[in-house]
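Here the structure is laid out as structure tokens; the discussion comes afterwards.
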Amino acid sequence: MDYQNWGPRDMSAPVRTQLPEVPVERGMVLEEVQSGWVGAVTRVEKSGGMHVVALEDRRGKSRSFRLGYGFLLEGQAIRLMPPVPRPASGGGPAAGRTASGSVRVSGQRAQVAKASRIWVEGKHDAELVEKVWGDDLRVEGIVVEPLHGIDDLAAAVADFRPGPGRRLGVLVDHLVPDSKESRIADAVMASPGAAGNVLIVGHPYVDVWQAIRPAVLGIDQWPAVPRGQDWKTGILKAFGWPHATKEDIGLGWQKLLGAVRTYADLEPSLLGRVEEVIDFLTVP
């Protein structure tokens, strides 16, 4: 018997040496045990002499916690440590999670496409939704289709013939009050068969490019483009990237899209709307 172990002890203190020490990384999905809060790491900063990590959930809400004990990573208790300097890499979502923050479903084939659809305005919108929510949508059997503009949305919805089991979710750029887009959306929702079977949501940005957080691109904010100038051309010009041709626009977008790894790289105003559409199409 080891008599040196006798005496009073703090039985509530964690056995710290038994927990793996994991440096915090941006995009890492963690659970804070005491509150049950689950979110992706969006930033780490020093406050009052201690490191604090901000965790953003799938709805875009954020809470901050002190680094240390009390976190789960993929269900395992860890001691969360300050970040360590290392070369930038194109890291993705934490193991066992999709880019949208959902638990990855293993061993399940993609579902046969359902009749319900998600419509987005253009190719870039579709590629961004696919990159972040593609794994989830394949499990649900939901297809994303680009519209190439919404001027003829009313006719397209009429041709689609929405109804029970054949729902339609539409994601619109620049859906703000008194805009052309809002008037088109109101007209569509007033059409026969739309109520309960069609959901039109939108973000406030001129283009879906702006839904990427500026910090992800290493800038404080998106450049201002003078009125009358093509917005995408103006953005690429401000970045100092080639911008004269459609090919330049496409290559510029691929650079921007390449910076997106998980939902934490996108603005909450887009995250919430896409999640709303997915819930509308998948919840009975």
Side-chain angles (χ1 to χ4, degrees), residues 1-108 131-136 138-139 212-218 258-268 271-272 274-275 278-279:
M1 179 178 295
D2 186 358
Y3 292 97
Q4 294 180 352
N5 289 332
W6 283 26
R9 302 182 193 176
D10 182 3
M11 301 301 293
S12 65
V15 185
R16 300 187 176 188
T17 57
Q18 294 183 355
L19 296 183
E21 296 183 344
V22 180
V24 64
E25 295 183 2
R26 191 171 176 279
M28 177 185 287
V29 179
L30 301 169
E31 177 179 349
E32 201 277 329
V33 176
Q34 185 172 359
S35 64
W37 187 268
V38 178
V41 175
T42 56
R43 70 180 186 277
V44 182
E45 58 191 12
K46 271 195 170 182
S47 177
M50 62 184 178
H51 279 93
V52 176
V53 60
L55 302 182
E56 183 175 279
D57 70 6
R58 294 182 63 181
R59 301 296 180 182
K61 296 181 179 180
S62 183
R63 291 182 61 179
S64 295
F65 304 94
R66 183 177 178 178
L67 263 63
Y69 296 96
F71 294 93
L72 299 181
L73 175 63
E74 300 303 320
Q76 181 181 5
I78 63 168
R79 182 183 181 186
L80 193 62
M81 304 297 290
V84 294
R86 63 183 184 180
S89 64
R97 295 276 178 173
T98 69
S100 73
S102 300
V103 176
R104 187 178 298 278
V105 178
S106 302
Q108 178 175 339
K131 183 162 188 178
V132 176
W133 289 274
D135 289 336
D136 304 345
R138 279 185 285 278
V139 169
I212 301 175
R213 290 179 175 231
V216 175
L217 307 175
V260 176
R261 298 174 301 168
T262 72
Y263 72 94
D265 295 328
L266 303 180
E267 296 284 2
L271 293 173
V274 176
E275 295 284 353
I278 294 174
D279 289 346

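In this chain, residues are counted from 1 in sequence order.
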Legend entry - For P20 against A77, the heavy-atom pair lying closest together: CD-O, 3.6 Å
Legend entry - Atom pair CZ/CG of R261 and L266 - distance to nearest 0.5 Å: 11.5 Å
Inset, instruction - Only counting residues at least two apart or in another chain, list the ones meeting side chain to side chain contact (heavy atoms under 4.5 Å, CB included) with R63. - result: S35, W37, F65
Legend entry - Option from M81, Q76, R79, M28 for which side-chain contact (heavy atoms from CB on, under 4.5 Å) with V22 holds: M28
Legend entry - Non-hydrogen side-chain atoms of V52 and V44 separated by less than 4.5 Å: no
Legend entry - Heavy-atom pair of closest approach, residues S64 and R43: OG-NH2, 4.1 Å
Legend entry - Nearest-0.5 Å distance, CG of residue D136 to OH of residue Y263: 11.5 Å
Legend entry - Euclidean distance, S62 OG relative to D57 CG, rounded to 0.5 Å: 8.5 Å
Legend entry - E25 CD to L80 CG distance, which is reported to the nearest 0.5 Å: 10.0 Å
Inset, instruction - First locate atom CD1 of I78, then atom CD of E21, and finally report the distance between them rounded to the nearest 0.5 Å. - result: 10.5 Å
Legend entry - Nearest atoms (heavy-atom pairs only) where L217 meets A259: CD2-CB, 3.8 Å
Legend entry - Worked verdict on V41 versus L55 for side-chain contact (heavy atoms from CB on, under 4.5 Å): CA-CA 5 Å; V41 175; L55 302 182; 3.7 Å; yes
Inset, instruction - Flag the pair V274 / I278 as yes when at least one side-chain heavy-atom distance between them is below 4.5 Å, and no otherwise. - result: yes
Legend entry - Heavy-atom check, side chain of D265 versus side chain of R213, under 4.5 Å: no
Inset, instruction - Report the residues that fulfil side chain to side chain contact (heavy atoms under 4.5 Å, CB included) with V33, sequence neighbours left out, ordered by chain and then residue number. - result: L72
Inset, instruction - Determine whether T262 and V132 make a side-chain contact, defined as any pair of heavy atoms from C-beta on separated by less than 4.5 Å. - result: no
Inset, instruction - Please round to the nearest 0.5 Å and tell me the distance separating atom CZ of R66 and atom CD of E32. - result: 13.0 Å
Inset, instruction - Write down the atom of T42, the atom of A264, and the distance for their closest heavy-atom approach. - result: CG2-CB, 4.1 Å
